[in-house]
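Everything below concerns the one structure shown next.
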Amino acid sequence: MSPDGRDEGPAGETPRYFDSHCHLTDDRLGEDRSDVIGRARERGVGEMVTVGTNPDDGIAAAELAAATDGVWATAGLHPHEAEAWAPGVGHRIEDLLARPEVVAVGETGYDLYYENSPREEQGASFRAHMEMAAESGLPLIVHTREADRETREMLEAYRGSVRGVLHCYTGGMELLESAVDAGWWISFSGILTFDGFDGAERVRAVPDHRLLVETDSPYLAPVPERGKRNEPAFVRHTTAALAEIRGEEPAETAALTRRNGRRFYGLEQ
Ligand SMILES: [Zn+2]
Ligand SMILES: [Zn+2]
């Protein structure tokens with residue numbers, strides 16, 4: 001770290017980061033969104049993917065992405081909201097997937113920790129997102145919490161036809177290994193900076209070319225910002241923690257995860 005607190009690479013330049021998963025359209029980031037994006041850029045975060053949690057949010061995400069350099073959007077229905085799943089919701093998501101600034105399907109998946117929607121409906125929505133990903137050829141963003149077995153079964157059912165990421169990964173080694181084997185990617189959030197994080201072995205089990213980093217902002221602010229509203233500028237803290245676990249320089253991890261982010265979302269190199 002330099003005296004002004006910036007993390008510098010070997011050449012003394014601020015590393016460039018790719019925040020692979022944030023929610024810039026969330027109300028908690030809404031009031032000063034342009035300041036949030038400005039602070040991210042100052043900290044080297046030149047690229048962010050803002051993830052849609054329902055069709056209205058997907059429209060907001062796509063509009064923000066269309067108007068903002070370095071921001072891309074996704075469209076899907078969050079497992080917390082899966083109760084709202086209906087064919088009409090799927091059609092609205094499909095319309096969004098046709099927009100050039102929308103680069104992935106999701107987020108979808110299973111959250112059996114909160115189980116805000118019944119698990120059958122989470123499963124039906126997840127399956128429909130798998131179909132949309134297979135049909136569109138776009139990558140899929142999957143949220144999985146306390147649902148290793150269910151998520152694994154879903155990935156197996158679409159093996160070879162869908163490629164995606166298990167985002168904010170907190171699951172076990174078995175799901176991680178079967179996902180990687182099926183061609184999937186793994187993304188880590190600020191959780192790995194928290195005291196008591198015991199997933200170093202899982203972090204090290206992800207092959208270099210399948211590793212992503214994210215803030216999931218406004219949630220899960222990494223240490224030393226824990227407890228505050230999270231924002232993409234903080235992705236450097238999670239990148240530094242990843243680097244430490246992997247035994248490399250933060251600038252190397254930043255470069256790797258940035259390259260991977262562009263590749264995962266199919267952005268021009
Ligand atoms: Zn999520
Ligand atoms: Zn999310």
Side-chain angles (χ1 to χ4, degrees), residues 18-30 33 36 40 45 47-62 64-65 71-85 93 96 102-117 119 121-123 125-126 128-130 133 138-148 150-151 154-155 164-172 175-176 179 184-192 194 199 202 212-222 229-235 238 257 261 264-265:
F18 189 117
D19 185 354
S20 74
H21 188 123
C22 58
H23 296 278
L24 293 172
T25 55
D26 190 281
D27 285 347
R28 291 165 68 195
L29 291 173
R33 187 174 303 121
V36 166
V45 189
E47 292 136 320
M48 295 157 252
V49 174
T50 187
V51 172
T53 56
N54 60 53
D56 286 340
D57 186 44
I59 290 170
L64 178 66
V71 175
W72 291 268
T74 78
L77 184 68
H78 195 284
H80 288 337
E81 300 186 38
E83 212 163 2
W85 176 257
I93 293 170
L96 284 163
V102 176
V103 293
V105 185
E107 61 182 291
T108 182
Y110 276 117
D111 194 315
L112 303 182
Y113 177 75
Y114 287 109
E115 214 164 339
N116 288 349
S117 283
R119 69 174 65 199
E121 290 173 12
Q122 293 189 40
S125 175
F126 193 175
H129 284 76
M130 280 286 198
L138 292 172
L140 183 67
I141 300 172
V142 167
H143 171 117
T144 176
R145 187 136 186 227
E146 301 283 322
D148 284 20
E150 292 80 356
T151 298
M154 191 68 83
L155 265 51
V165 61
L166 300 182
H167 102 91
C168 189
Y169 195 69
T170 56
L175 172 60
L176 186 152
W184 282 57
W185 300 50
I186 308 290
S187 179
F188 293 99
S189 71
I191 288 175
L192 54 73
F194 295 176
R202 277 161 277 154
L212 296 173
V213 67
E214 65 178 282
T215 57
D216 206 8
S217 46
Y219 312 102
L220 298 170
R229 180 189 72 171
N230 196 5
E231 55 181 71
F234 299 163
V235 79
T238 303
T257 51
F264 177 76
Y265 287 111

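Both counts, for ligands and for their atoms, begin at 1 and track the order of listing.
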Among the N, O or S atoms that His143 has, which is closest to the Zn ion (ligand 1)? ND1
Below 2.8 Å, any N, O or S contact between His23 and the Zn ion (ligand 2)? yes
Can you check whether Ser20 reaches Val165 side chain to side chain, under 4.5 Å on heavy atoms? no
Are His23 and Asp216 close enough that some pair of their side-chain heavy atoms sits under 4.5 Å apart? yes
Hey, are the side chains of Trp184 and Leu140 touching, using non-hydrogen atoms and a 4.5 Å cut-off? yes
With Glu214 as partner, the option from Cys22, Pro232, Ser187 fulfilling side-chain contact (heavy atoms from CB on, under 4.5 Å) is Ser187
With a sphere of 6.0 Å drawn around OH of Tyr113, does it hold more than 12 non-hydrogen atoms of other residues, nucleotides or ligands? no
Of all N, O or S atoms in Asp216, the one closest to the Zn ion (ligand 2) is OD1
Closest to the Zn ion (ligand 2), which N/O/S atom of Glu107 is it? OE2
Got an N, O or S from His21 under 2.8 Å of the Zn ion (ligand 2)? yes
